[in-house]
Undergrad: 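Below you'll find the structure I mean.
Worth knowing before you read on, the calculation uses all heavy atoms, side chains too, and leaves out hydrogens, waters and symmetry mates. For this chain, numbers begin at 1 and follow the sequence in order.
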Amino acid sequence: MCRELLPEFGSRKLFLSKKSLSGRKGYFLINKSMKFVSSFFLLTSLLVGCLSCDSRDVEVGESDIYFVDIEDKVGESRSVYLSEIADSVYYIPLETTQESVVSSPFRYIMVYENKKLFYRQRESYKIFDASGGEYLGTFDRQGNGPEEYIASVRFLVNPEADLISVVSYNSLMEYDISGNFIRSVEFPEADSLNGIHYFTFGKIGDEYYVLGTSIGKRSDLRYSSLILDSVSNIVLTTGYPEKEKEFVKRVPLMSRISGMTPYLIKYKDEVRVINGYDEYIIGVNKNLQVDTVYKLNLGKYKLSDPEKADESLQRFSTVFESSSYLFMQFRTGNLPFAKREFVNGSGKIASASLACSYFDKSTGEFSFIAPAGIGQFGFIDDIEGGPAVWPLYVSSDDYMVSYVDAVTFIEHASTHDVSENFRKVAEGIDETDNPVLVLVKLKSLR
């Protein structure tokens, strides 16, 4: 079994020795000058491999990890301004023609890399030059042919923006930006991994693809992610922690919370793995080295009793990472947070127990972000005066990406103190035009 799941990678065998784990205790040393934690901790439940292999060894790096003290900040939300995390913000109207018109985006369907914006529309993708918003064309290879995808579940774009990877039902199809087929990577059959389904996806470097598994109806999930090479071989797995399995078993099937499912974070040409409610976030780099990257200290607010979910913090929606920051949202239940207000489909003001937050890698500071008004959450734009910004994507070159629909943009310009540049953009668009792209250049590590 171990040989099947962990074949040789080059000259290096990817096996884990039980012996190397025995008697090893985790401890942390605080580096005060950098304000993050240096770890000599080998997290057994998150490492790669098959624990039944007693005589195999794996090289495991010891790296600095970031200690994110979330517990200490509960009840201390503050307004955070864009100038605290960003050098500049750009508002770019997307060209509106009969061919380029788009609807409002949802999660997972806006990607910005190398000055190109990929905007999903059903099963196709509109491509824009993000420098000036010009429409470049539409990518569409949907179909039933051997070089086509049946449906688009997710899509990935490499940092050079010249390769598009479309995740379909049981495979990943890769194309160049002109739509020419390059290859397909078939996913392992579910039966070979005890009925595992795949929920999130990622890519490491140019060669490896990551499949995040889904907890579904299971209580004995063995792997949180699988790493495949370009010919569909499994070259690496990350384990789902035993303590998370035990927690899942205590939760009724109909009440299982989405946060239990392993989750992948894109970070440049690497992938991070969040294992349910486990406090550690691990990373896998392009050399297939596995390290613990973050320790999230939720303390007494960690979800440990399914009957007390309203007294805990639970990860919500997409997590993003740049060179300098980690961006997260949480469900806050009955904890002391201001509720997020918004106008619902009936035109009435509603609220939700959700909070934005960010972690500054250079200072080690974690902050909850106070709501900025009705329908406004995230970072207040004190640079150009635009609406509050929260990322829909973070690019490999550290741009936070979002959008403002044309109606909201025009209204905001007429009711707020905005920059001259913002006002000129508003004057140059109509309410029926495409959304305005928001590109925020994030600060680099200091």
Undergrad: Hey, could you give me the OG/CD1 distance between Ser131 and Ile92, rounded to the nearest 0.5 Å?
TA: 7.0 Å

Undergrad: Any salt bridge linking Lys203 with Glu174? Criterion: basic side-chain nitrogen under 4.0 Å from a carboxylate oxygen.
TA: yes

Undergrad: Mind checking the OG-CD1 spacing from Ser152 to Ile150? Nearest 0.5 Å is all I need.
TA: 12.0 Å

Undergrad: Under 3.5 Å, is there a donor-acceptor pair between the side chain of Asn114 and the main chain of Glu160?
TA: yes

Undergrad: Is it the case that the side chains of Ser184 and Glu186 hold a donor-acceptor pair, with the cut-off being a distance below 3.5 Å and no angle test?
TA: yes

Undergrad: Salt bridge or not between Asp129 and Lys115? Use side-chain N to carboxylate O under 4.0 Å.
TA: no

Undergrad: Do Ser171 and Met173 make a side-chain contact, defined as non-hydrogen atoms from C-beta onward lying under 4.5 Å apart?
TA: yes

Undergrad: Ignoring hydrogens and geometry beyond distance, is a side-chain donor-acceptor pair present between Ser100 and Thr97 at under 3.5 Å?
TA: yes

Undergrad: When you measure from the side chain of Ser322 to the backbone N and O of Ser324, does any donor-acceptor pair fall under 3.5 Å?
TA: yes

Undergrad: Would you call Tyr325 and Ile85 a side-chain contact if the rule is heavy atoms closer than 4.5 Å?
TA: yes

Undergrad: Taking the six-membered ring for Trp, are Phe359 and Phe366 ring centroids under 6.0 Å apart?
TA: no

Undergrad: How far apart are the closest heavy atoms of Ser353 and Gly333, and which atoms are they?
TA: OG-O, 3.3 Å

Undergrad: For the CG atom of Asp360 and the OH atom of Tyr66, what is their distance to the nearest 0.5 Å?
TA: 9.5 Å

Undergrad: Just do the side-chain contact (heavy atoms from CB on, under 4.5 Å) check on Asn434 and Glu95 with the steps written out, would you?
TA: CA-CA 7 Å; Asn434 273 337; Glu95 181 182 1; 5.8 Å; no

Undergrad: After noting the C-alpha distance and the side-chain angles of Ile281 and Thr292, does the key distance pass the side-chain contact (heavy atoms from CB on, under 4.5 Å) rule?
TA: CA-CA 6 Å; Ile281 299 177; Thr292 306; over 6 Å; no

Undergrad: Here's one to test your reading of the geometry: is the NZ or CZ of Arg315 within 45 degrees of the ring axis of Tyr263 and under 6.0 Å from its centre?
TA: yes

Undergrad: Kindly compute the distance separating CD1 (Ile227) from CG (Leu211), expressed to the nearest 0.5 Å.
TA: 8.5 Å

Undergrad: Looking only at heavy atoms, what is the nearest atom pair of Ser165 and Leu172, with distance?
TA: CB-CD2, 3.6 Å

Undergrad: Please assess Asp87 against Leu442 for the test side-chain contact (heavy atoms from CB on, under 4.5 Å), listing each intermediate value before the final yes or no.
TA: CA-CA 6 Å; Asp87 293 322; Leu442 297 167; over 6 Å; no

Undergrad: Hey, is the main chain of Asn170 close enough, under 3.5 Å, to the side chain of Ser168 for a donor-acceptor pair?
TA: no

Undergrad: Quick one: does any side-chain atom of Asp176 pair with a main-chain N or O of Gly179 as donor and acceptor, under 3.5 Å?
TA: yes

Undergrad: State, with a plain yes or no, whether a side-chain heavy atom of Tyr240 is found less than 4.5 Å away from one of Val248.
TA: yes

Undergrad: I'd like to know if the side chain of Arg122 reaches the main chain of Ser124, judged simply by a donor and an acceptor atom lying under 3.5 Å from each other, with no hydrogens or angles considered.
TA: no

Undergrad: Might you confirm whether atom CG of Asp417 has over 12 heavy atoms from other residues, nucleotides or ligands at distances under 6.0 Å?
TA: no

Undergrad: Go through the side-chain N and O atoms of Glu341 and Ser351 and say whether any donor and acceptor fall under 3.5 Å apart.
TA: no

Undergrad: Tell me whether Asn180 at atom CG has more than 12 heavy atoms from other residues, nucleotides or ligands lying less than 6.0 Å away.
TA: yes

Undergrad: Side chains of Leu296 and Ile70: closer than 4.5 Å at any heavy-atom pair?
TA: yes

Undergrad: Determine whether the aromatic ring centres of residues His416 and Phe422 are separated by less than 6.0 angstrom.
TA: no

Undergrad: Can you sort out the partners of Tyr301 under side chain to side chain donor-acceptor pair (under 3.5 Å), two or more places apart, ordered by chain and number?
TA: none

Undergrad: For residues Phe368 and Phe337, establish whether the separation of their ring centroids is below 6.0 Å.
TA: yes

Undergrad: Quick one, Ile429 and Phe409 - any side-chain contact, counting heavy atoms below 4.5 Å?
TA: yes

Undergrad: Is a salt bridge present between Arg183 and Glu207, judged by a nitrogen-to-oxygen distance below 4.0 Å?
TA: no

Undergrad: Measuring from Leu136:CG to Leu117:CG, what's the distance to the nearest 0.5 Å?
TA: 10.0 Å

Undergrad: Verify, without hydrogens or angle tests, whether Glu113 (side chain) and Ser395 (backbone) share a donor-acceptor contact under 3.5 angstrom.
TA: no

Undergrad: Salt bridge or not between Glu321 and Arg272? Use side-chain N to carboxylate O under 4.0 Å.
TA: yes

Undergrad: Taking C-beta and beyond as the side chain, do Phe330 and Gln314 meet within less than 4.5 Å on heavy atoms?
TA: no

Undergrad: CG of Leu156 to CD1 of Ile164: how many Å apart, nearest 0.5 Å?
TA: 10.5 Å

Undergrad: Test your reading of the model: is there a side-chain donor-acceptor pair from Asn421 to the backbone of Val425, 3.5 Å cut-off?
TA: no

Undergrad: I'd like to know whether CG of Asp310 has more than 12 heavy-atom contacts from other residues, nucleotides or ligands below 6.0 angstrom.
TA: yes

Undergrad: I want to check something: taking the side chain as every heavy atom from C-beta on, are Leu226 and Tyr198 in contact at a cut-off of under 4.5 Å?
TA: yes

Undergrad: I want to know whether Phe139 and Tyr175 have ring centres closer than 6.0 Å.
TA: yes

Undergrad: For the residue pair Phe155 and Val167, establish whether any side-chain heavy-atom pair is separated by less than 4.5 Å.
TA: no

Undergrad: With respect to Asp398, which candidate in Lys361, Lys268, Lys441, Lys443 satisfies the salt bridge (charged side-chain N to carboxylate O under 4.0 Å, His left out) definition?
TA: Lys268

Undergrad: Go through Ile204 and Asn285 one step at a time and tell me if the side-chain contact (heavy atoms from CB on, under 4.5 Å) criterion holds.
TA: CA-CA 7 Å; Ile204 300 175; Asn285 67 19; 5.6 Å; no

Undergrad: Tell me, with the steps shown, if Ser225 and Thr238 meet side chain to side chain donor-acceptor pair (under 3.5 Å).
TA: CA-CA 5 Å; Ser225 72; Thr238 61; 2.6 Å; yes

Undergrad: Looking only at side chains, do Asp140 and Gln142 share a donor and an acceptor under 3.5 Å apart?
TA: no

Undergrad: For residues Tyr125 and Tyr119, establish whether the separation of their ring centroids is below 6.0 Å.
TA: no

Undergrad: Would you tabulate the side-chain donor-acceptor contacts of residues 372-392 under 3.5 Å, counting partners in other chains and residues two or more places apart, or write 'none'?
TA:
residue, atom, partner, partner atom, Å
Gln376, OE1, Ala388, N, 2.7
Asp381, OD1, Ile383, N, 2.9
Asp381, OD1, Glu384, N, 2.9
Asp381, OD2, Tyr91, OH, 2.6
Asp381, OD2, Gly385, N, 3.4
Asp381, OD2, Gly386, N, 2.9
Asp382, OD1, Leu82, N, 3.3
Asp382, OD1, Ser83, N, 3.0
Asp382, OD1, Ser83, OG, 3.4
Asp382, OD2, Ser83, OG, 2.6
Glu384, OE1, Ser419, OG, 2.3

Undergrad: So among Thr213, Asn275, Thr261, Thr237, which one has a side chain to side chain donor-acceptor pair (under 3.5 Å) with Ser224?
TA: Asn275

Undergrad: For Pro93 and Val436, work out which heavy atoms get closest and say how close.
TA: N-CG1, 4.0 Å

Undergrad: Of Tyr393, Tyr90, Tyr399, Phe118, which is the lone residue that meets ring-ring contact (aromatic ring centres under 6.0 Å, His included) with Tyr112?
TA: Tyr399

